[in-house]
Amino acid sequence: MAEEVTSGYQSYINNITAKTGKTMDDFRALYAKKPTMRHGEIITWVKKEFGLGHGHANLVAHEILQPGPGKSDKLKLDELFNGTKAVWRKPYEQLFAKVSQFGEDVSADPTNSYISLLKHERKFAIVQPSSADSMHIGVKLKGVEPEGRLELSGTWNAMVTHRIRITSTEHIDDQVLAWIRQSYDAVN
């Protein structure tokens with residue numbers, strides 16, 4: 001049985017079509033004229049020719065070379081919170097319930113390694129269950145000095161500026177929600 005297209009996946013496709021005026025079938029037809037390009041070359045071509053960012057260009061390349069939807073959001077979450085990391089599933093769901101109250105524009109898009117928290121499809125935070133002992137939350141807070149549990153993300157993840165290490169469910173407190181809210185509010 002084929003999996004349904006996920007909302008995050010479909011949103012990416014819709015954004016690409018809105019920005020470029022091209023559907024995935026249009027991109028496949030254009031690629032048919034250049035069939036020797038490999039994945040990285042397709043990304044470069046799409047970014048240059050159509051002005052897409054890396055993530056959208058990567059999806060186009062994937063769709064050209066291996067068409068079809070990715071895994072469902074539920075399956076991605078199940079894989080992220082598998083084994084010893086399963087202890088973080090309920091705390092994540094409780095956190096997301098609170099973050100969802102920031103506005104109707106909040107959504108979650110699980111990837112293979114973390115969950116993107118989005119405002120109008122723009123990432124403002126990420127959540128990554130790391131082990132049985134920790135879950136990490138990344139936020140975008142340009143110009144904010146690290147303090148206490150709010151540390152610079154460093155090489156952990158370039159998509160965010162700061163990381164919060166969560167080693168206990170009690171660490172997901174009002175201060176963490178305030179940092180996530182600040183990151184949410186900064187997104188246009």
Side-chain angles (χ1 to χ4, degrees), residues 6-13 15-16 19 43 47 51-62 70-71 73 76-82 84-188:
T6 65
S7 60
Y9 187 85
Q10 189 59 51
S11 292
Y12 259 53
I13 290 175
N15 288 342
I16 291 166
K19 182 164 184 154
I43 291 172
K47 287 168 74 173
L52 293 177
H54 185 80
H56 287 122
N58 186 47
L59 179 76
V60 171
H62 174 76
K71 298 174 185 171
D73 285 352
K76 287 179 187 175
L77 286 172
D78 289 346
E79 290 176 355
L80 280 170
F81 292 103
N82 69 354
T84 59
K85 296 184 281 185
V87 300
W88 294 108
R89 180 77 177 252
K90 187 173 182 180
Y92 160 73
E93 290 171 350
Q94 292 169 338
L95 172 69
F96 184 69
K98 292 175 183 174
V99 171
S100 294
Q101 294 175 7
F102 294 171
E104 292 180 11
D105 53 0
V106 172
S107 63
D109 186 22
T111 70
N112 291 329
S113 55
Y114 58 83
I115 304 151
S116 297
L117 301 182
L118 308 170
K119 175 182 181 181
H120 295 299
E121 305 304 325
R122 295 193 59 204
K123 187 178 307 186
F124 65 89
I126 63 174
V127 178
Q128 181 182 38
S130 300
S131 68
D133 300 326
S134 68
M135 180 171 75
H136 298 199
I137 299 172
V139 290
K140 292 182 174 186
L141 296 174
K142 291 183 181 177
V144 174
E145 290 295 319
E147 63 173 273
R149 294 182 295 151
L150 182 70
E151 61 188 62
L152 293 176
S153 63
T155 59
W156 172 66
N157 191 305
M159 299 299 293
V160 294
T161 59
H162 295 76
R163 168 172 57 174
I164 308 156
R165 295 175 199 254
I166 305 295
T167 57
S168 166
T169 55
E170 289 81 33
H171 291 163
I172 305 172
D173 58 13
D174 290 342
Q175 180 62 66
V176 169
L177 281 171
W179 286 320
I180 296 172
R181 178 64 193 235
Q182 186 177 354
S183 182
Y184 166 85
D185 288 342
V187 173
N188 296 326

| message | Under the side-chain contact (heavy atoms from CB on, under 4.5 Å) test against K85, which residue among S134, S130, P129 passes? | response | P129
| Nearest-0.5 Å distance that lies between atom CG in D185 and atom CD1 in I180 | 12.0 Å
| Do K76 and T111 have side chains that get closer than 4.5 Å, going by heavy atoms? | no
| said: Does any part of the side chain of V176, heavy atoms only, come nearer than 4.5 Å to the side chain of L150, both counted from C-beta? | reply: no
| query | Does any non-hydrogen side-chain atom of Y114 lie less than 4.5 Å from one of H136? | reply | no
| request: Could you tell me whether the side chain of H56 and the main chain of L52 form a donor-acceptor pair under 3.5 Å? | output: no
| Minimal non-hydrogen separation, I43 against A57, with atom names | O-CB, 3.8 Å
| said: Can you tell whether the side chains of D173 and R149 come within less than 4.0 Å, N to carboxylate O? | reply: yes
| note | When rounded to the nearest 0.5 Å, the distance separating CG of N15 from NZ of K19 is 9.5 Å
| message | In the structure I gave you, are the side-chain heavy atoms of I115 and I126 within less than 4.5 Å of one another anywhere? | response | no
| message | Test your reading of the model: is there a side-chain donor-acceptor pair from S100 to the backbone of S107, 3.5 Å cut-off? | response | no
| note | When rounded to the nearest 0.5 Å, the distance separating CD1 of I172 from CD1 of I137 is 5.5 Å
| task | Mind checking the NZ-CG spacing from K123 to L117? Nearest 0.5 Å is all I need. | result | 9.5 Å
| task | May I ask you to decide if K140's main-chain N or O and S183's side chain share a donor-acceptor pair within less than 3.5 Å? | result | yes
| task | Please lay out, stage by stage, how R122 and N188 fare under the test side-chain contact (heavy atoms from CB on, under 4.5 Å). | result | CA-CA 9 Å; R122 295 193 59 204; N188 296 326; 3.9 Å; yes
| Is a side-chain donor or acceptor of S116 paired with a backbone partner of L118 at a separation under 3.5 angstrom? | no
| field | I166/W88 under side-chain contact (heavy atoms from CB on, under 4.5 Å): CA gap, chis, key distance, verdict | value | CA-CA 10 Å; I166 305 295; W88 294 108; 3.7 Å; yes
| field | Sub-4.5 Å side-chain heavy-atom contact between L95 and L177 | value | yes
| task | Inspect the contact between D78 and R89 and indicate whether a charged nitrogen and a carboxylate oxygen are less than 4.0 angstrom apart. | result | yes
| message | Run H162 and S153 through side-chain contact (heavy atoms from CB on, under 4.5 Å) and show every step you take. | response | CA-CA 4 Å; H162 295 76; S153 63; 5.6 Å; no
| message | Could you check whether any side-chain heavy atom of R181 comes within less than 4.5 Å of a side-chain heavy atom of F102, counting everything from C-beta outward? | response | yes
| query | What's the spacing between F96 CZ and Q101 CD if we round to 0.5 Å? | reply | 11.0 Å
| Step-by-step side-chain hydrogen bond (donor to acceptor under 3.5 Å, both in side chains) determination, Q128 to W156 | CA-CA 11 Å; Q128 181 182 38; W156 172 66; 2.9 Å; yes
| Heavy-atom side-chain contact between R163 and L152 under 4.5 Å | no
| query | Who are the side chain to side chain contact (heavy atoms under 4.5 Å, CB included) partners of V87, not counting sequence neighbours? | reply | none
| query | How about H120 and V187: do any of their side-chain heavy atoms sit closer than 4.5 Å? | reply | no
| task | Verify side-chain contact (heavy atoms from CB on, under 4.5 Å) between V139 and Q182, making sure each step is shown before the conclusion. | result | CA-CA 9 Å; V139 290; Q182 186 177 354; over 6 Å; no
| note | Output for pair (M135 CE, I164 CD1), nearest 0.5 Å, gives 10.0 Å
| field | Geometric cation-pi criterion, K119 with Y184: 6.0 Å, 45° | value | yes
